[in-house]
**Q** 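Pasting a structure below so you can have a look.
Scope of the values below: all heavy atoms of this structure, side chains included, with no hydrogens, waters or symmetry mates. The model shown is predicted, which means the values in this text are computed figures rather than measured ones.
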Amino acid sequence: MTVIAAGMILFAYLCGSVSGAVLLCRACGYPDPRNGGSGNPGATNVLRVGGRLAAVAVLIFDIIKGMLPVWLAYRLYLPPFALGLVAIAACLGHIYPLFFQFRGGKGVATALGAIAPIGWDLSGLMIGTWLLTVLLSGYSSLGAIISALIAPFYVWWFKPQFTFPVSMLSCLILLRHHDNIQRLWRGKESRLWKRKKRR
């Protein structure tokens, strides 16, 4: 591994460690997302504790902090495997943030940002898959799980040289959603909205 690659991996981890959810909630006087709602400092939980505008701001922030280091590494012509490590480092920073007692989120938005430099067509498919799943099911976590499962196939179709790095990233997201998978299986996962009861 080159010095540039190692430096980009460290930079990606530090970028990921900046929790937009915690900082925004502190600045706006909202409850700490790690202590309210689902306890996850991500856009979905900020939606619960702070509202739509705050959630959108956190979503954009989390995407950018995943996109920036991978885009820089891409511009530095790092090989696909090194790019994958940079992307994983950004997500690990979000999941285990150095600056916030290693209590982070699930890394979905950061992973989306990390994949974005590969191609906007791929990003559009990922966002579409997540949105469609959430709209049909009401579960944000299910959207993330299905998107992570199908991401390597999308990448293989568009840019096969990045299939292995994206597969590693997908495995990380799926491992982070282990508890959500169990709750979905048991029918105890919380929806983004409540279904209306039929009369």
Side-chain angles (χ1 to χ4, degrees), residues 16 19-21 24-25 28 30-31 33-34 36-67 70 87 90-91 94-95 104-159 162-163 166-167 169-199:
S19 177
L24 185 140
C25 286
C28 297
Y30 300 136
R34 296 170 296 178
S38 66
N40 177 53
T44 302
N45 197 36
V46 171
L47 176 64
R48 298 186 182 103
V49 302
R52 294 179 183 176
L53 190 59
V56 170
V58 170
L59 179 65
I60 293 172
F61 184 89
D62 287 348
I63 289 174
I64 290 174
K65 74 180 184 181
M67 184 187 300
V70 177
C91 290
H94 180 83
I95 296 169
K106 299 293 176 67
V108 177
T110 305
L112 175 61
I115 292 174
I118 296 177
W120 295 111
D121 44 5
L122 174 64
S123 301
L125 277 174
M126 294 297 299
I127 293 171
T129 300
W130 183 85
L131 280 174
L132 182 62
T133 306
V134 172
L135 289 173
L136 291 175
S137 69
Y139 294 113
S140 175
S141 58
L142 184 60
I145 292 164
I146 290 178
S147 297
L149 285 170
I150 204 168
F153 297 98
Y154 285 156
V155 175
W156 174 78
W157 181 263
F158 287 101
K159 293 191 178 180
F162 293 105
T163 302
V166 170
S167 297
L169 193 58
S170 293
C171 287
L172 178 63
I173 299 301
L174 291 171
L175 285 171
R176 187 59 175 160
H177 281 79
H178 177 263
D179 292 338
N180 301 89
I181 293 170
Q182 288 189 329
R183 288 195 295 269
L184 284 165
W185 182 258
R186 296 169 183 167
K188 295 182 178 180
E189 180 75 332
S190 298
R191 296 177 187 270
L192 283 176
W193 56 81
K194 294 181 180 179
R195 285 186 172 179
K196 294 181 179 180
K197 295 182 178 179
R198 293 181 180 178
R199 294 182 179 179

**Q** Taking only residues two or more places apart in sequence or in another chain, which ones pass side chain to side chain donor-acceptor pair (under 3.5 Å) with Arg34?
**A** Asp32, Gln101
**Q** On a heavy-atom basis, which atom in Ala109 and which in Asp62 lie closest, and how many Å separate them?
**A** CB-CB, 3.7 Å
**Q** Restricting to side-chain contact (heavy atoms from CB on, under 4.5 Å), what partner residues turn up for Asp121, sequence neighbours left out?
**A** Phe158
**Q** Could I get the full list of side-chain contact (heavy atoms from CB on, under 4.5 Å) partners for Ile95, not counting sequence neighbours?
**A** Leu172, Arg176
**Q** Could you tell me the separation between the CG atom of Asn40 and the CZ atom of Arg48, rounded to the nearest 0.5 Å?
**A** 8.5 Å
**Q** Where do Val58 and Gly42 come nearest, in terms of heavy atoms and distance?
**A** CG1-C, 4.1 Å
**Q** Quick check: does any side chain N or O of Lys188 sit under 3.5 Å from a backbone N or O of Arg183, one acting as donor and the other as acceptor?
**A** no
**Q** For residues 49-57, tabulate all N or O donor-acceptor pairs below 3.5 Å that involve a side-chain atom, not counting sequence neighbours.
**A**
none

**Q** Considering residues at least two apart in sequence or located in another chain, which fulfil the side-chain contact (heavy atoms from CB on, under 4.5 Å) criterion with Leu174?
**A** Ile145, Ala148, Leu149
**Q** Would you compute the distance between atom OG1 of Thr133 and atom CD1 of Ile146 and round it to the nearest 0.5 angstrom?
**A** 4.0 Å
**Q** So do the side chains of Leu132 and Leu136 get within less than 4.5 Å of each other, counting heavy atoms only?
**A** yes
**Q** List the residues meeting side chain to side chain donor-acceptor pair (under 3.5 Å) with Ser147, not counting sequence neighbours, and say none if there are none.
**A** none
**Q** Asn180: what forms a side chain to side chain donor-acceptor pair (under 3.5 Å) with it, not counting sequence neighbours?
**A** Lys106, Glu189
**Q** If a pair satisfies side chain to side chain donor-acceptor pair (under 3.5 Å) and one of its residues is in residues 149-158, list it, with sequence neighbours excluded.
**A** Thr129-Tyr154
**Q** Do Val134 and Trp130 make a side-chain contact, defined as non-hydrogen atoms from C-beta onward lying under 4.5 Å apart?
**A** yes
**Q** Looking only at non-hydrogen atoms, find the nearest pair between Ser140 and Thr44 and report the distance.
**A** OG-OG1, 3.1 Å
**Q** I need the Met67 CE to Ser123 OG distance, nearest 0.5 Å.
**A** 6.5 Å
**Q** Closest approach of His94 and Gly107, non-hydrogen atoms and distance?
**A** CD2-N, 3.2 Å
**Q** Run Thr110 and Ile63 through side chain to side chain contact (heavy atoms under 4.5 Å, CB included) and show every step you take.
**A** CA-CA 5 Å; Thr110 305; Ile63 289 174; over 6 Å; no
**Q** Go through the structure and list residues passing side-chain contact (heavy atoms from CB on, under 4.5 Å) with Leu175, not counting sequence neighbours.
**A** none
**Q** Can you check whether Tyr30 reaches Val46 side chain to side chain, under 4.5 Å on heavy atoms?
**A** no
**Q** Is a donor on one side and an acceptor on the other found under 3.5 Å between the side chain of Asn45 and the backbone of Pro33?
**A** yes
**Q** With the side chain counted from C-beta on, respond yes when Leu125 and Ile150 share a heavy-atom pair under 4.5 Å apart, and no when they do not.
**A** no
**Q** Please find the pair of heavy atoms, one from Ala144 and one from His177, that lie closest to each other, and give the distance.
**A** CB-NE2, 3.6 Å
**Q** What's the separation between atom NZ in Lys159 and atom CD1 in Ile115, rounded to the nearest 0.5 Å?
**A** 12.5 Å
**Q** Please report the shortest heavy-atom distance between Pro152 and Ser167, naming the atom on each side.
**A** CB-OG, 3.4 Å
